Amino acid sequence: TYLRTLGVDPAWQGRGLGSRLVQWVVQAAPPWYPLYLETAKEQNLAFYARHGFACVGEFGCLGVRVWRMLRPAR
């Protein structure tokens with residue numbers, strides 16, 4: 001399952017809303033499917049790691065560094 005877009009308005013960041021959104025996706029996804037996402041913000045790596053995602057690679061796209069992250073099936 002691919003987690004396509006996740007964002008919280010900067011005025012509302014730091015209140016746990018992003019964590020709740022990720023937890024909702026994890027709970028809603030079929031347990032036998034891994035979850036996959038890509039992020040172009042290095043500061044997001046620790047956030048997603050706290051939710052069970054691990055960096056499995058990176059690539060460049062139009063000069064932007066992008067990290068690939070995977071959360072194993074439950």
Side-chain angles (χ1 to χ4, degrees):
T1 302
Y2 180 70
L3 177 55
R4 184 170 181 185
T5 303
L6 174 70
V8 175
D9 186 292
W12 290 89
Q13 291 176 356
R15 301 178 190 198
L17 297 174
S19 289
R20 286 190 221 156
L21 288 170
V22 172
Q23 290 166 359
W24 182 84
V25 170
V26 168
Q27 294 300 317
W32 53 88
Y33 283 116
L35 297 173
Y36 173 81
L37 64 86
E38 297 167 348
T39 183
K41 293 186 178 182
E42 190 169 6
Q43 65 267 30
N44 289 345
L45 298 176
F47 170 79
Y48 289 118
R50 287 194 304 272
H51 294 284
F53 288 84
C55 185
V56 294
E58 60 184 76
F59 63 94
C61 181
L62 301 173
V64 176
R65 191 173 179 189
V66 179
W67 290 268
R68 293 160 43 215
M69 303 195 75
L70 183 70
R71 186 180 194 283
R74 290 182 267 148

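The shown structure was predicted, so the numbers you read here are calculated from the model rather than taken from an experiment. Start at 1 with the first residue, then count along the sequence.
When all heavy atoms are compared, the tightest approach of A73 to P31 is CB-O, 3.3 Å. Between G52 and P72 the shortest heavy-atom distance is O-CD, 3.8 Å.
A continuous path of hydrophobic side-chain contacts links F59 to V64 [ILVMFWY only; heavy atoms under 4.5 Å]. Both L45 and L37 sit in one connected hydrophobic cluster of ILVMFWY residues. Membership requires side-chain heavy atoms under 4.5 Å apart, directly or through other members. Residues L35 and W32 are members of separate hydrophobic clusters, defined by side-chain heavy-atom contacts under 4.5 angstrom among Ile, Leu, Val, Met, Phe, Trp and Tyr. The cluster map of Ile, Leu, Val, Met, Phe, Trp and Tyr, joined by side-chain heavy atoms under 4.5 Å apart, puts L6 and Y2 in different clusters. Linking ILVMFWY residues whenever their side-chain heavy atoms come closer than 4.5 Å, directly or via other members, leaves L21 and Y36 in distinct clusters.
Put simply, the side chain of T39 does not reach to within 4.5 Å of the side chain of F53, judged on heavy atoms.
For the atom pair OG1 (T5) and CD (E38), the distance works out to 10.5 Å, reported to the nearest 0.5 Å. To the nearest 0.5 angstrom, F47 atom CZ is 9.5 Å from Q13 atom CD.
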Practice prompt. Begin from the C-alpha positions of Y48 and R71 and carry the test side chain to side chain contact (heavy atoms under 4.5 Å, CB included) through to its verdict.
Written response: CA-CA 9 Å; Y48 289 118; R71 186 180 194 283; over 6 Å; no
Worksheet item: Going through the distances and angles, do V26 and R74 end up as a side chain to side chain contact (heavy atoms under 4.5 Å, CB included)?
Response: CA-CA 9 Å; V26 168; R74 290 182 267 148; 4.2 Å; yes
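Environment of CZ in R4: sparse, with no more than 12 heavy atoms of neighbouring residues, nucleotides or ligands closer than 6.0 Å.
For R65 (side chain) and E58 (main-chain N/O), no donor-acceptor pair under 3.5 Å exists by modelled atom type.
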